Structures are given as structure tokens and as C-alpha cells.
Amino acid sequence: MGTERKRKVSLFDVVDETSAKLVKFNGGSAGAGSNLINRWNGRPYSQRYYEILEKRRTLPVWHQKEEFFQALKANQTLILVGETGSGKTTQIPQFVLDAVDLDGPDKRRKYMIGCTQPRRVAAMSVSRRVAEEMDVTIGEEVGYSIRFEDQSSARTVLKYLTDGMLLREAMTDPLLERYKVIILDEAHERTLATDVLFGLLKEVLKNRPDLKLVVMSATLEAEKFQGYFHGAPLMKVPGRLFPVEILYTEEPERDYLEAALRTVTQIHMHEPPGDILVFLTGEEEIEEACRKIHKEVANMGDRVGPVKAVPLYSTLPPAMQQKIFEPAPPPLTEGGPAGRKIVVSTNIAETSLTIDGIVYVIDPGFAKQKVYNPRIRVESLLVSPISKASAHQRAGRAGRTQPGKCYRLYTEKSFNNDLQSQTYPEILRSNLANTVLTLKKLGIDDLVHFDFMDPPAPETLMRALEVLNYLGALDDEGNLTKLGEIMSELPLDPQMGKMLVVSPKFNCSNEILSISAMLSDEDPSWCYENFVNHRALKSADNVRQQLARIMGRFNLKLSSTDFNSRDYYINIRKAMLAGYFMQVAHLERTGHYLTVKDNQVVHLHPSNCLDHKPEWVIYNEFVLTSRNFIRTVTDVRGDWLVDIAPHYFDLANFPPCEARRKLEKIYKKRERDREEEKDTK
DNA sequence: GACGGACTT
């Protein structure tokens, strides 16, 4: 069949010049005489292939193709720095395909090239683009793999996947033996998964001399990467951005929101046409800013053109998000002042979404960032100053289609002296219980000596180990137990994983499965005009199915207590406690709740749906906002605590407090009951 | 009496 196609093609009238060039660009790897045949699927190239090829050749990274080949050939690890527009994400993996031999030792099995992305959408859209460039079908020779969707096949030679997905694959394929080359893209973002992959790959490379690693990053922190990867060579690729003029304020601004709005109106009045992108920190602030912009511009009357202020944040429904791509409004009257689009966005526009046509960026210098307090095991969001790298990225958003301007609402001195150069990697700002469980499953026994690029605080690791030990996922020697094994396979936090795994014992796994799915996904009670969010329910159902499949693999039975039984809800609450016994709060005589053992004063979040204040509650989340809130709470009973988690509520290891005294009473009553029982016998 | 920056398995 293949021969027939080849014959047809040799008669095919293709522009000679293109095919001649093609031989050269395909290198020696395309089979002899097959320059018009796509080596990946044996089909003749389409006209579109040649059209795209012309454009690809103009990408900055193409000028360094030979240099890249040499570096890849000579080294096991390679670091590549390329700014926005260099074409690295789409081109480098294709260069790698041209440079390496994917045949396995027995010739039957072919190796793959894997390229990680921090985000699902990116993995999906980039792989589609590359499939088009290579003139192959997506899901065949070029594919992608993200949660809920595996678009790859036995023929796949290049696979884009989320970094979290590669980490999952490593659980079953510790030496990543399906891969010949792994490319970690967007490494500067330092996601939790990428950071774990760094350390893991360093180990794997030692045991797989034939495996190669390419680390791609957008910043010069690459020199740090170089040090980490034993002085791997660094290749720099220029980006393709228009110049962006940076403007600072003379004095520090007291109120960044007010300053941002003032800057918007000034640009609108005095600057040439071009859209504006304003970075703010959250939904509420953004909606308020949009309202104020419309109001202020309306007050200016006909002197200025019309504006369309559009909000942008991740929880905005997709249809509303699409509005950022609509054009600016036309002038009110023919020949009148031009209209302007003003996108008011969170950090989502810094990395995940690119909007063409932005000429002005307003950067107040703040973002909400996660911080973790290992002492009380609480993660919270805090509005905090951004890093220099982040400011640089924001500014770049103004230069995608023409020269632009970036207004930094802070002084140049502040930029130089106060901003840290890089954002703290996520691994230093997170609860690591889940990460530690993953590492254990990956066979990393000695966490203290695991080669993290930035080692987390020892206390954070200790707290994570402690939590996993209390849950029974790790034994006292720190080894993964059978329970821990199952928990590591579930895409859930350890507490929730434990709750789900033990739920069959409480005869309520159907219900706990639903609860887990609903809690681990976006919240559908954030309803839109009192209707339950359909998309959120669909996605919770998706999660539920995935969890049910994994439970099936471990022979965990799906069961329910009779709905009319008085034990129906009791069993569910007990199963929840079996996972969440470390997140208990006790109602003190003062009327306040105090978290057990950590002794933090907390308040029931107003969104709770209890009709009374129970003496003991377990909570799903501790949120630090205007006060310490515990959110999504469930009423539990004191004697369940000592039944279900006696090892945690062990009085020998318990600070003196009201909760302790209550537990003492329960233990004493237990003793009395036992003795009475003895006497009656 | 009031909350989700961005992501991922």
C-alpha cells in the first residue's frame, strides 16, 4: 500500500524549490528517496504542509537547528532558554524527532518523545498544532495525554502531556522506559509536578544512559537549572516581541486599585488607540474595577471614545471569557474618537491566556499567592508583591503585535530593591502531604536527601510524613503500606483518599464516592442565578467515574446503607471522620471553636448548613480570610473520635485543654462500661 | 455572617 502511494507522489506536481529545500531540512533521517513522503505515516505531504513549513522556517529557533542537533547529540541533558515567540514549544520536539532514533532494542517497540506542559489546554492545543505542522492525524503519530483524555496510540512518536500526567506515568513506569527524550517545557513556572520531575529525572538519567532530557524555560533562572543539572549546556533562543517601554511611578502608590483606574482613564484620554490589559488580584476587585471604568468613562462624555471593560478570571464561565477576544467598540460617531477594549484580569493573562492587540499593560505589582504554614497545616491566599520575573512577563503582554507600553504602579527603586527576582516555587508554598505520598510511591525512600532544586522546609516534610503516618499510609519506618499504595493511586488529597478507601467498611462507599467527587472539583453551589452549575456537575460526575474505576481496580466494593436506616447518615459521618480526624474542632464553653491539638480559634464559615453548633465538628477546609474560618463542616460525636482514631486522640500525646478533658471523660466512661460488663458476666 | 490567584493527578 505504501509503495502505491509513493508512486502516485512521484507523479505529483510539487514545486521543485520546496521539495529541494525539504530534503535539506528533513536531515538524513527521512528515508532515501522519500522526500515527498511523510516518514511518519507514509503518505504524501499535503499542500498545507508546505505552506506551514514556510512560516515555521521564519521562527527564531530555526536559525539554531544545527546548533541544537550538535548539543543534543553531545549531551544527556540540555537547557534551552527561549522567550515568548521563539517557537520552542512547537519546533524543538520536532527537531528532536529528526535527531534521534526511536527504534527500540528489539525493533518491535518504538520509543516516544514526551513534552510536558503545566496546563491541559496547552498540551491539547500545542499537540494539535504540531500534528498539523507534521501533516499527521492528532491522536495517531502526534498525541496528547491529560486527565480524562488520552489521545495517543501505539503509533505515537511525540506526545504532549501535563507534567502531572508524566508523574502519574512514572508511578507505573519508574524508569520512563517508553521515552527516548523527555522535554520539560515552561520549567520556569516551577509547578509542583515539574519540581518533582526534576529530582526524579536526575535519578532516572543515571540509570538510563540512553535517555535524554531537554529543559525549556523562559527566564535566565536557567543558569540555576544549569548548576542543578551538573553544568548541562545552555542554549539561548531569542524571542520575537516588539519593544515595550516601561514606565514607573515617581512615588509609591497608596491605593493600587485607585491608581490603576486613574491610569486607565489617562491612557484612554491621551494615548493613541490600542487595547489595555490591567492586572488585578481577584474576582471581586476585577468586577468592581470594570464597573468603575464604565462609570468614569461615561462621565467624560463625547470627548473620549467608548470603552468596553471586560473581566477575566478562571472561574468566569467560558462564554464570558470569550469576550476578551472581541474587538474594541467602534467610534460612537463616524470619525469620532476611537473605542478601546480594556481587559481587567488576574494572573491568568500572565501565563495561560494570551490576548493579541494589547498595547498598554497596567501592572500594580500584586497577585494573590498561596502561602503555607506547616505549624498549623494551613494554606491560605495572600495578596503579595509579585517577582521581577513576573513583572517582566506582564510587560511582555504589551508587545505581542506592535510596540507597547507598560505602566508599573510602583517606583523603579522599589522594582530594583523590593521585588524578589523569582516567584517562590510552589513546592515551598504548599502542604506536601500528597506530594510526599507520590514520592513514596515512586520509590523515593529518603526524602531528606532527595535532590530537590529548592528543598522544602524540613518542618513541611515532617508534617507531611506525620499526616501520612497517622492516616496509616506510611508505617512507623516511613514505608508505604498497602493502604498508602491505594491512596497514592487516587487523584485526591490523602485525607480524602483515606476516607474513600475505608468507606466500604462503613457501608457507604457510593455516598463517599459522590462526596469526594463533589468536594474535589469546582463548587456547583456557587450557582448562577440559583441554578446548579451544570458544567460543574458534569465534571464532578467525570471525577466520580474515574474514582470508581480506580476503586474497582483495588476490589473496593460500592455499597450503601439502607436510606431509611437511622445509620445511613451516621455511617457516612463516621467514614468522613476516618479520613478527617486530624481536622476536628471543639466547641468551647466560651462559645468559640478551637481546633483540636493545634488550638487555633476558628469560626464556622457562614456558608455552613448546620442548624446548631455541634460540640465536635470535622472540617474540609481551613480558610484564612477576614477571620479563621472552617468551611464545609460535619457534626461528629466525641466517642467516635476515640473509636475511629484512638492513635491520634491518645491522651499521652495531647496538650491540656477543654477537648482533652472531654476525651478523658469518654475514655473513663469506656473503662467503667467495660468493668460493669465484666461484673455482669 | 460571607468566599476560590493560577494550576494538576
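Chain naming here is simple, since letters A, B, ... match the order of the sequence lines and numbering starts at 1 in each. The shown structure was predicted, so the numbers you read here are calculated from the model rather than taken from an experiment.
- A:Tyr619 is linked by a ring-ring contact (aromatic ring centres under 6.0 Å, His included) to nothing, counting only residues two or more places apart in sequence or in another chain.
- We find that CG of A:Asn542 is positioned 12 Å from P of B:dT9, with the value rounded to whole Å.
- One finds no side-chain N or O of A:Ser607 lying less than 4.0 angstrom from the OP1 or OP2 phosphate oxygen of B:dC3.
- Among residues two or more places apart in sequence or in another chain, the salt bridge (Lys or Arg N to Asp or Glu O under 4.0 Å) test is passed with A:Lys498 by none.
- For A:Asn542, the side-chain contact (heavy atoms from CB on, under 4.5 Å) criterion is met by A:Phe148, not counting sequence neighbours.
- Closest approach to the A:Asn434 side chain among B:dT9, B:dG5, B:dA6 is made by B:dT9 (side chain taken as heavy atoms from C-beta onward).
- Separating the OH atom of A:Tyr372 from the P atom of B:dC7 is a distance of 23 Å, rounded to the nearest angstrom.
- Between A:Asp163 atom CG and B:dA6 atom C1' there is a gap of 13 Å when expressed in whole angstrom units.
- Salt-bridge check for A:Asp163 with A:Arg119: failed, with every basic side-chain N at 4.0 Å or more from each acidic carboxylate O.
- Side-chain atoms of A:Arg119 lie closest to B:dC7 of the nucleotides B:dC3, B:dC7, B:dT9.
- Residue contacts for A:Thr191: at a heavy-atom cut-off of 4.0 Å it reaches no nucleic acid atom on any strand shown.
- In this structure, the nucleotide among B:dG1, B:dG5, B:dT9 sitting nearest to the side chain of A:Lys368 is B:dG5.
- Distance A:Arg190 CZ to B:dC7 C1': 16 Å, rounded to the nearest Å.
- Of the listed nucleotides (B:dT9, B:dA6, B:dG5), B:dT9 has the atom at the smallest distance from the side chain of A:Ile146.
- Checking B:dG1, B:dG5, B:dA6 against the side-chain heavy atoms of A:Ile348 singles out B:dA6 as nearest.
- Between A:Ser314 and B:dA6 there is a side-chain N or O to OP1 or OP2 distance below 4.0 Å.
- Summarising the geometry, the separation between CG on A:Leu166 and C1' on B:dT9 is reported as 12 Å, rounded to the nearest angstrom.
- With hydrogens and angles left out, the side-chain atoms of A:Thr423 and A:Ser387 include a donor and acceptor closer than 3.5 Å.
- A:Leu312 has its CG atom 12 Å from the P atom of B:dG5, to the nearest Å.
- In this structure A:Arg254 satisfies the side chain to side chain donor-acceptor pair (under 3.5 Å) test with no other residue, sequence neighbours excluded.
- For A:Val584, the side-chain contact (heavy atoms from CB on, under 4.5 Å) partners at least two apart in sequence or on another chain are A:Leu577, A:Val596, A:Trp616, A:Ile618, A:Leu641, A:Phe649.
- What separates CG of A:Leu192 from C1' of B:dA6 is a distance of 13 Å, to the nearest Å.
- Contact check of residues 625-632 of chain A against DNA chain B (heavy atom, cut-off under 4.0 Å) returns A:Thr625, A:Ser626, A:Phe629, A:Arg631.
- At a threshold of 4.5 Å between non-hydrogen side-chain atoms, the residues A:Val278 and A:Leu280 count as touching.
- Minimum atom distance to the side chain of A:Arg147 is reached by B:dT9, of the listed B:dC7, B:dA2, B:dT9.
- Nucleotide B:dT8 holds its P atom 12 Å from the CE atom of A:Met165, rounded to whole Å.
- When each of A:Thr438 and A:Thr315 is assigned the nucleotide of DNA chain B with its nearest heavy atom, A:Thr315 is the one assigned upstream, toward the 5' end.
- If A:Arg429 and A:Asp493 are placed on DNA chain B by their nearest nucleotide, the residue sitting closer to the 5' end is A:Arg429.
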